[in-house]
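In what follows, every heavy atom counts, from backbone to side chain, and hydrogens, waters and symmetry copies are set aside.
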Amino acid sequence: MSTKAVRFNDKEDKAIKDFLEKNPYFDFSTLARMAIINFIEKPELRLKPSTLEANEDKRVQ
């Protein structure tokens, strides 16, 4: 087992504390593990595609 560090800004820290107060059956460690495992098992990223090709096509015409 290892220990990892994560840095949060003030807004993120406040949101985490608020969530944990509203959901007392979680502690930070459990919440972090669940979130990380969930992301690893079902990664979901919405990325914006490049428009370079579309712009080049318009210039060729």
Side-chain angles (χ1 to χ4, degrees):
M1 183 169 18
S2 66
T3 301
K4 307 288 185 206
V6 180
R7 291 190 176 99
F8 297 101
N9 65 33
D10 290 340
K11 185 177 177 181
E12 294 163 339
D13 189 52
K14 184 177 178 184
I16 292 166
K17 287 177 182 175
D18 181 59
F19 178 86
L20 293 173
E21 286 173 7
K22 292 177 180 175
N23 300 282
Y25 41 87
F26 276 108
D27 60 10
F28 176 77
S29 183
T30 303
L31 175 62
R33 277 194 316 276
M34 289 181 68
I36 292 167
I37 295 302
N38 185 54
F39 182 79
I40 290 170
E41 291 177 349
K42 299 175 214 150
E44 199 172 311
L45 290 174
R46 293 192 173 98
L47 303 173
K48 296 179 183 181
S50 169
T51 58
L52 181 61
E53 188 174 313
N55 289 337
E56 288 178 0
D57 287 344
K58 290 178 185 175
R59 283 186 241 147
V60 172
Q61 294 176 354

Query raised in the report: Under a single-linkage definition using a 4.5 Å side-chain heavy-atom cutoff for Ile, Leu, Val, Met, Phe, Trp and Tyr, are Tyr25 and Ile16 assigned to the same hydrophobic cluster?
Result: yes

Query raised in the report: Which pairs count as salt bridge (Lys or Arg N to Asp or Glu O under 4.0 Å) when at least one residue sits in residues 20-30, sequence neighbours excluded?
Result: Asp18-Lys22

Query raised in the report: So Phe19 and Phe26, would you call those rings parallel, tilted or perpendicular, with 30° and 60° as cut-offs?
Result: tilted

Query raised in the report: Under a single-linkage definition using a 4.5 Å side-chain heavy-atom cutoff for Ile, Leu, Val, Met, Phe, Trp and Tyr, are Phe28 and Met34 assigned to the same hydrophobic cluster?
Result: yes

Report summary line: Contacts satisfying salt bridge (Lys or Arg N to Asp or Glu O under 4.0 Å) that involve residues 33-45 (not counting sequence neighbours) are Glu44-Arg46

Query raised in the report: Which atom pair, heavy atoms only, marks the closest approach of Glu12 to Arg7?
Result: OE1-O, 4.4 Å

Report task. Just jot down the side chain to side chain donor-acceptor pair (under 3.5 Å) partners of Asp10, sequence neighbours excluded, or say none. Result -> none

Query raised in the report: Is it the case that one hydrophobic cluster holds both Leu31 and Val6, taking links as side-chain heavy atoms less than 4.5 Å apart, direct or via other members?
Result: yes

